[in-house]
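In what follows, chains are A, B, ... by sequence order, proteins preceding strands, each numbered from 1. Since we're looking at a predicted model, the values are computed, not measured.
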Amino acid sequence: GAGVSQSPSNKVTEKGKDVELRCDPISGHTALYWYRQSLGQGLEFLIYFQGNSAPDKSGLPSDRFSAERTGGSVSTLTIQRTQQEDSAVYLCASSSQGGWGTGSTDTQYFGPGTRLTVL
Amino acid sequence: AQKITQTQPGMFVQEKEAVTLDCTYDTSDPSYGLFWYKQPSSGEMIFLIYQGSYDQQNATEGRYSLNFQKARKSANLVISASQLGDSAMYFCAMRGNTPLVFGKGTRLSVIA
């Protein structure tokens with residue numbers, strides 16, 4: 001079956017511009033996650049959606065970052081007034097259950113990522 | 001706070017040999033899950049194996065096994081019979097009552 005898809009695969013933008021990154025989760029997965037991976041680093045959690053609501057936005061680095069999810073499916077991560085330090089690979093993941101609850105065996109499946117370069 | 005430590009930035013292994021990638025963790029959550037992901041040069045994160053903190057047996061998935069030592073808070077990944085296609089970054093991750101936390105990864109290079 002189809003996995004998580006993300007678009008665009010690469011995005012080059014100028015400092016100060018807004019960008020939108022899209023994620024299509026695995027069909028039927030209620031939970032969706034955004035992560036950021038800077039060069040040579042591990043993944044940094046940004047935001048988690050359960051359905052259309054975002055119970056955990058604790059990882060968003062600033063108010064320039066926002067995300068929404070509509071219809072319990074597609075999600076868009078928006079970065080306003082991009083800065084050079086926003087350059088990274090943005091990864092999206094989905095899972096069937098979601099949440100951080102104890103005993104959860106929920107596994108996250110990742111998309112191929114969007115490489116964002118801010119000049 | 002949750003923390004994952006991967007102390008090996010890079011590892012080399014001969015093709016067909018076994019290799020162990022180290023992972024230690026720190027958490028105060030009574031129940032948690034441990035994951036290993038593979039990230040080839042293409043960039044996609046590929047789920048490999050999962051271990052629950054209350055699982056009695058070590059997890060295995062084909063050539064991958066997880067050496068889980070709860071008292072030592074370690075969750076090492078063992079890859080048996082390494083293949084050239086195993087060359088990639090490997091990330092250990094943990095989830096308790098928090099979002100998934102990742103280590104900084106280990107770059108594995110398989111030599112023919």
Side-chain angles (χ1 to χ4, degrees), chain A residues 2-11 23 26 29 31-50 54-60 88-117, chain B residues 1-10 21 23-25 27-57 59 61 64 66 68 88-107:
Chain A
V4 178
S5 61
Q6 292 185 246
S7 61
S9 55
N10 279 284
K11 177 71 177 179
C23 172
I26 292 172
H29 278 191
L32 186 147
Y33 313 80
W34 283 98
Y35 295 86
R36 178 169 71 174
Q37 185 176 27
S38 302
L39 187 64
Q41 299 296 311
L43 274 69
E44 172 192 12
F45 167 78
L46 297 178
I47 188 169
Y48 152 60
F49 285 93
Q50 184 65 267
D56 193 335
K57 306 178 183 179
S58 61
L60 293 178
V89 176
Y90 289 82
L91 288 154
C92 174
S94 71
S95 65
S96 59
Q97 300 170 22
W100 322 131
T102 58
S104 170
T105 62
D106 202 39
T107 296
Q108 296 177 27
Y109 296 91
F110 284 79
T114 294
R115 182 175 298 279
L116 176 65
T117 303
Chain B
Q2 317 259 8
K3 186 178 180 182
I4 292 283
T5 302
Q6 294 181 256
T7 57
Q8 306 153 314
L21 306 183
C23 172
T24 57
Y25 60 91
T27 181
S28 56
D29 290 335
S31 177
Y32 49 90
L34 295 155
F35 302 79
W36 277 91
Y37 286 86
K38 172 184 178 182
Q39 188 177 42
S41 56
S42 60
E44 187 167 352
M45 295 287 282
I46 302 168
F47 166 71
L48 295 178
I49 195 166
Y50 165 82
Q51 178 83 43
S53 59
Y54 287 113
D55 292 343
Q56 295 296 313
Q57 293 189 332
E61 289 287 347
Y64 304 107
L66 201 153
F68 180 47
M89 283 290 289
Y90 288 81
F91 291 95
C92 180
M94 176 176 65
R95 185 190 64 236
N97 284 321
T98 61
L100 204 56
V101 174
F102 286 81
K104 293 191 180 296
T106 295
R107 181 171 298 281

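- In this structure, no portion of B:Gln6 lies under 4.5 Å from any heavy atom of chain A.
- Interatomic distance, A:Thr107 OG1 to B:Tyr37 OH, rounded to the nearest 0.5 Å: 6.0 Å.
- Using a 30° and 60° split on the angle between ring planes, A:Tyr35 and A:Phe110 fall in the tilted class, from 30° to 60°.
- Sorted by first and then second residue, the salt bridge (charged side-chain N to carboxylate O under 4.0 Å, His left out) pairs involving residues 31-41 of chain B (not counting sequence neighbours) form an empty list.
- For chain A, no part of B:Tyr54 is nearby; none of its heavy atoms comes within less than 4.5 Å.
- Of the residues considered (B:Gln39, B:Arg107, B:Met89), B:Gln39 shows the highest number of contacts with chain A, using heavy-atom pairs under 4.5 Å.
- Atom-to-atom distance recorded for A:Ser95:OG and A:Gln50:CD is 7.5 Å, nearest 0.5 angstrom.
- The structure places OH of B:Tyr90 at 10.0 Å from CH2 of B:Trp36, a figure rounded to the nearest 0.5 Å.
- Contact annotation for A:Leu43: both backbone and side-chain heavy atoms come within less than 4.5 Å of a heavy atom of chain B.
- In this structure, chain B has no heavy atom under 4.5 Å from any part of A:Gln6.
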